2 protein chains.
Amino acid sequence: MTSPGGADGADSTETLTRLRDALGDRVDTSPDALSAARADKSGHAAPGTPLAVVHAASIADVQAVLRIATATGAPVVPRGAGTGLAGGANTGTGEIALSLRGMNSILEVRPDDLLAVVEPGILNADLNDALHPYGVWWAPDPASRAISTVGGNIATGAGGLLCAKYGVVRDAVLALDVVLADGRLIHTGHRSVKGVTGLDLTSLFIGSEGVLGVVVGATLKLRRLVPGQVRTLAAVFPDVRAAAAASAAVTAAGLQPSVMELMDATCLAAAHRLLQLDPPAGGAQLTVQTDGATSADEATAIAQVLCDAGGTVEMSRDEAEGERLLQIRRSMHPAMETLGTTLIEDVSVPRSRLAEMFDEIARVEREHGVAIPTVAHAGDGNLHPNFIFDGPEVPQRIWAAADDLFRAALRLGGTLTGEHGIGVLKSRWLAAELGDDQWELQRRIKDVFDPQGILNPGKVFAP
Amino acid sequence: MTSPGGADGADSTETLTRLRDALGDRVDTSPDALSAARADKSGHAAPGTPLAVVHAASIADVQAVLRIATATGAPVVPRGAGTGLAGGANTGTGEIALSLRGMNSILEVRPDDLLAVVEPGILNADLNDALHPYGVWWAPDPASRAISTVGGNIATGAGGLLCAKYGVVRDAVLALDVVLADGRLIHTGHRSVKGVTGLDLTSLFIGSEGVLGVVVGATLKLRRLVPGQVRTLAAVFPDVRAAAAASAAVTAAGLQPSVMELMDATCLAAAHRLLQLDPPAGGAQLTVQTDGATSADEATAIAQVLCDAGGTVEMSRDEAEGERLLQIRRSMHPAMETLGTTLIEDVSVPRSRLAEMFDEIARVEREHGVAIPTVAHAGDGNLHPNFIFDGPEVPQRIWAAADDLFRAALRLGGTLTGEHGIGVLKSRWLAAELGDDQWELQRRIKDVFDPQGILNPGKVFAP
């Protein structure tokens, strides 16, 4: 794919000269940096060679890059830690990778107002380590939280394991500082709990994957640390459908675990092999955590629901044993990599439809002759089917199977992507979910913010 | 004010003929209906006479009205129950009031997925009455909930008393059905807990006050009914500043009441007179509720913080007595009406700045020579200063005092409007909060949705 707005040779030279004049050694054209900017953790890499990586150190740096890009027409790809799973930050021929990773300060922590003001490049886990002494935390907990930035979490509208109980990124941001395509800085939102002045541009930027502007600061909504002991239980089921139905029964019974993760037989076996544990007892497992003042009672009630649904339940005796149980779920990505190259998908359905979605996955496996080991954030209905294949490129037959699976999720009232975003990998299905009228409206909103089309071209709204 | 896009006489006749051909007796031009459509609960009324009130009974009706309006250029003002406090639904000369009040069905309740699908005209309280047997509720609880519609709550991004603990409207909507200015129907959002496909237009419509499209259906995010007994306590303080500081101390101590309402001396005295109670003991009162499994312990801890902050605390013995305590707060609007005509304002500040905001209100009272009795949702920092005056129109000196107060809220990191919206009454201050660049961006987003400017013209983005 070539960048629609990509600068040609002569323009590239001028752009690079201007960048160096303005930003000096923060402009990086080393082969390693250019190569790294082409890819994220999806396995996909943009073709060709980026023009430069700019390591922004300040809002003024970001403004300088965008003013130059506006003047020369060079495309700009905002980038955090590069841990995305949809190719949204992959930077190709002639494009400037604008790295926010170095802007990683915490500017303010206000436990009394339950807010923090941060730069976008701070890692999610580093932020939460720093917040802990104040007795507060930022709830979004993508599985990547040790390696992904808060800015990247905001750009993708990230989720995680705790979302059914504690919300996603869009529930946890009060205000944003954003540099527009032409270099102007705006401030959206408010520091107060409530605020309805004008249109909610803060929410519009959350999950906009770098196509509307560059987030250079965020006022985050915090929560108090949850008191009490975390309880963990694991329940083994004969097959994945039974486990999915059991997880839906927990929600339907009015119980609210903090974590409820589902692994199918292939995932479970691969994780046990990787961790050198004895082979698992059943065909699927739910790992459930409860927290807060009534965590013990809730765990007991959930155990009863899972038993009634045909599960064999093991309750952890202490938090260390609970952590060991959850470790099996946490080792899923390396475990999948032992099976081949993986395309990690991200559909989400209403919780009551989870068992039906697993039926659809089994059908797609059968009809397309592909293996799709699947884990799910069962508490919120978000599934990560892993398409396994050989070689570095996603083969056409895998995309055909994924297409079938996406359309099944939409039929069940679900969505293409629960938490990873559209990026380049799913842009061709965007109109199937939005409808042509809404796709066109969204594209025209993008044009309001970026009339020249220099911000992350080719992402989300592919031509 | 005349409507910028208002149809002239000849066009008006054509528009009315077309409306009657398409919608028959759902087109209402009775003097009472036209007169009622001019005003909301703010006390402000649009000048002149609306063209017609259309009582929409279906999505097709709404589409028909908007297709006719697009063809003739007639302005359309979407309207729920007319309980707004910023003039956002007031309909003036030549404008069509498009009433959604008759579209009040509940289409689906799914307690297992914690969602309900509703038409926009259902009253908030009626919805919650219908949800109760399912063991679920929709959390937004504006003080108007007995008389305001869910669609109106969505259009204003309404808040209420429970917001610090249970969120506002933007936290409680999953998906929307929206008729665009040209009559096309789009569906935004998703039924799943998570979903990040494309730009978040659901959030963009929430709080957009009818300037982007007409909400004709909503998929609402529900909560389980909260178990346990609600505890209520009232604390009297020597003055309002002490009460405000005490409420901030509660949040800073890590405690989370479900309700924390503050009344100043004038409000308290007026409410006691109205309810024929003995005069109040102190100069300001906090009324606090806790709920959930640990409500008794939390009430005890909050009582201690309030005592330490100089309050005299009375704990209710049972829920009936608690309800009587809260009744004083609930009678505030009629109590204010006994003092004169009121302009109810709606600024919101970070909770730690609440005491300073009360200092600013005292200063504005002093410097402008006006009385501003104030109640506050102290749990979330949202204040309702009531400007009291004689006669039906807001005098210039009151607007001057309000201007001073708005700018003070902005200086404290607050916002013009926490939950009532901009409407017509606050549009002249919108750019002061957003900045000119963001104001212009928002105006251009409006143009994407409504290129002819027929949707609620003159509201929010006044020329």
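Owing to the predicted nature of the structure, the values given are computational and were not obtained by experimental measurement. Every chain is numbered from 1, with letters handed out A, B, ... down the list of sequences.
- In this structure, A/I186 and B/L434 have side chains that are not in contact, with every pair of non-hydrogen atoms separated by 4.5 Å or more.
- Both the backbone and the side chain of A/L416 come within contact range of chain B, with heavy atoms under 4.5 Å apart.
- Counting heavy-atom pairs closer than 4.5 Å to chain A, the top residue among B/V136, B/I206, B/L441, B/L114 is B/L441.
- Of the charged side-chain nitrogens involved, none lies within less than 4.0 Å of a carboxylate oxygen, so that B/D112 and A/R351 do not count as a salt-bridged pair.
- Side chain of A/E419 to main chain of B/G195: no donor-acceptor pair is present (N/O by atom type, distance under 3.5 Å, no hydrogens or angles).
- If you tally non-hydrogen atom pairs under 4.5 Å between each of B/G135, B/S203, B/C163, B/A158 and chain A, the highest count goes to B/S203.
- If you measure heavy-atom distances from B/Q442 to chain A, the contacts under 4.5 Å come from both the backbone and the side chain.
- In terms of non-hydrogen atom pairs under 4.5 Å with chain B, the most contact-rich of A/H190, A/K446, A/R444 is A/R444.
- Between chain A and the options B/G418, B/A249, B/A252, B/G381, the largest number of non-hydrogen pairs under 4.5 Å is found for B/G418.
- Heavy-atom pairs under 4.5 Å with chain A were tallied for B/G198, B/G292, B/G167, B/G207; the largest tally goes to B/G198.
- Between the side chains of A/S352 and B/D113, at least one donor N or O sits under 3.5 Å from an acceptor N or O.
- Only the side chain of A/E433 comes within contact range of chain B, with at least one heavy atom under 4.5 Å from a heavy atom of that chain.
- Looking at A/T188, both its backbone and its side chain come within 4.5 Å of chain B, counting heavy atoms on both sides.
- Checked options A/T415, A/T417, A/N382; the residue passing with B/K194 is A/N382 (criterion: side-chain contact (heavy atoms from CB on, under 4.5 Å)).
- Side-chain contact check for B/T156 versus A/V196: every heavy-atom pair is 4.5 Å or farther apart.
- Looking at A/L180, only its side chain comes within 4.5 Å of chain B, counting heavy atoms on both sides.
- Proximity to chain A is limited to the side chain of B/H377, based on heavy atoms less than 4.5 angstrom apart.
- Residues A/L185 and B/D437 are not in side-chain contact: their nearest non-hydrogen atoms beyond the backbone lie 4.5 Å or more apart.
- At a 4.5 Å heavy-atom cutoff, the contact between A/F461 and chain B is made by side-chain atoms alone.
- Comparing A/V211, A/T251, A/T202 by heavy-atom pairs within less than 4.5 Å of chain B, the highest count is held by A/T251.
- Per-residue heavy-atom pair counts under 4.5 Å with chain B were compared for A/P111, A/G414, A/G254, A/G413, and the maximum is reached by A/G254.
- Side-chain contact check for A/L199 versus B/V460: every heavy-atom pair is 4.5 Å or farther apart.
- Looking at B/R224, only its side chain comes within 4.5 Å of chain A, counting heavy atoms on both sides.
- Using a 4.5 Å cut-off between heavy atoms, A/A248 makes no contact with chain B at all.
- Residues A/V168 and B/V193 form no side-chain contact, since every pair of their non-hydrogen atoms from C-beta on lies 4.5 Å or further apart.
- Side-chain atoms of A/D200 and B/F205, non-hydrogen and from C-beta on, never get closer than 4.5 Å to each other.
- The contact between A/H420 and chain B is made entirely by backbone atoms, counting heavy-atom distances below 4.5 Å.
- Of the atoms belonging to A/V448, heavy atoms from both backbone and side chain fall under 4.5 Å from chain B.
- Ranked by heavy-atom pairs shorter than 4.5 Å toward chain A, the options B/L201, B/D297, B/L115, B/V169 are led by B/L201.
- If you tally non-hydrogen atom pairs under 4.5 Å between each of B/V178, B/I422, B/T197 and chain A, the highest count goes to B/T197.
- Contact of A/T294 with chain B is made through the side chain alone, with heavy-atom distances under 4.5 Å.
- At a 4.5 Å heavy-atom cutoff, the contact between A/R170 and chain B is made by backbone and side-chain atoms alike.
- The contact between A/R191 and chain B is made by backbone and side chain atoms together, counting heavy-atom distances below 4.5 Å.
- Using a 4.5 Å cut-off between heavy atoms, A/L212 touches chain B through its side chain atoms alone.
- Pairing each heavy atom of A/P350 with each of B/S192, the nearest pair is N-CB, 4.1 Å.
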